[in-house]
Amino acid sequence: MKGACETILNCIGEDSSREGLLKTPKRWAEALLFLTKGYAQTVSDVTNNAVFEEGMGEEGDMVVVRDIDIHSLCEHHMVPFTGKVHVGYIPKKKVLGISKIARIAEVFARRLQVQERLTREIGSAIMEAIDPLGVAVVVECSHMCMVMRGVQKVGSNTVTSSVLGCFKNDSKTRAEFFSIINRR
């Protein structure tokens, strides 16, 4: 990776041997490995047995965690997109440790991504981990590929949603989730 970075620096017209850039290839490689650490993680790694039997049954209440900060890299340009994830689920028999929802979002955000897939992956992972009655995920992000290059539209945000189970089939449940995440 260090050699590839030196090549890239030279290709853009820099001198990879100048003092300010001598350690850049190593730092860049370390940063890229950190920013994509989700490839080395699984959902079961980050949930770490924090799945608890609660016997919620069919009348289980909604659990919502909103405003989870995420940072990812667009797979098309390898520039950042950042924003918030909001997750809601209705337990059947199991609940997930609250911090584990943020950790699941992080596993998928720390990969080269498109926001649409990221949104689906978070919801599917929670469905698989605890088999709830349903899961809803909304992701709101600003994409640097739209802000720093291309159309250069500062302030634009992209919003994606994925609804599974009862959130897909029950408009009242879906509306309750959207009402909760939109309260400020």
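In this structure the side chain of T82 never reaches within 4.5 angstrom of the side chain of I70, judged on heavy atoms. Counting only heavy atoms from C-beta outward, the side chains of P80 and M144 approach each other to under 4.5 Å. Looking only at side-chain heavy atoms (C-beta outward), R110 and F34 come within less than 4.5 Å of each other. With a 4.5 Å cut-off on side-chain heavy atoms, E140 and T158 do not count as touching. Side-chain contact between E14 and N10 is absent, with no heavy-atom pair separated by less than 4.5 Å. Counting only heavy atoms from C-beta outward, the side chains of L133 and P91 never approach each other to under 4.5 Å. In this structure, the side chains of E128 and V43 stay at 4.5 Å or more apart for every pair of heavy atoms.
By the rule that hydrophobic residues join a cluster once side-chain heavy atoms approach within less than 4.5 Å of another member, L32 and L112 end up as members of one cluster. V154 and V79 fall within the same hydrophobic cluster, where Ile, Leu, Val, Met, Phe, Trp and Tyr residues are linked whenever their side-chain heavy atoms come under 4.5 Å apart, directly or through other members. In terms of hydrophobic clustering, with Ile, Leu, Val, Met, Phe, Trp and Tyr side chains grouped at heavy-atom distances under 4.5 Å, I130 and V65 are assigned to a common cluster. Transitive grouping of hydrophobic side chains (ILVMFWY, heavy atoms separated by less than 4.5 Å) keeps L35 and V114 in distinct clusters.
In this model, a donor atom of one side chain and an acceptor atom of the other lie less than 3.5 Å apart for Q113 and E121. Between the side chains of E106 and H71, not a single donor N or O lies within less than 3.5 Å of an accepting N or O. Under the 3.5 Å distance criterion, with hydrogens and angles disregarded, a donor-acceptor pair is assigned to the side chains of Q115 and T160.
A donor-acceptor pair is defined here as one N or O able to donate and one able to accept, closer than 3.5 Å; such a pair exists between the side chain of T42 and the backbone of D45. The closest donor-acceptor contact from the side chain of D170 to the backbone of K172 lies under 3.5 Å. In this structure a side-chain-to-backbone donor-acceptor pair under 3.5 Å is missing from R103 to V46. Using modelled atom types, one side-chain atom of N169 and one backbone atom of G165 make a donor-acceptor pair closer than 3.5 Å.
With respect to the salt-bridge test (charged N to carboxylate O, under 4.0 angstrom), the residues E75 and R117 qualify. Between E30 and K26 there is a salt bridge, with a side-chain nitrogen of the basic residue lying less than 4.0 Å from a carboxylate oxygen of the acidic one.
Between F177 and F167, the angle of the ring planes goes over 60°, which puts this pair in the perpendicular group of the 30/60° scheme.
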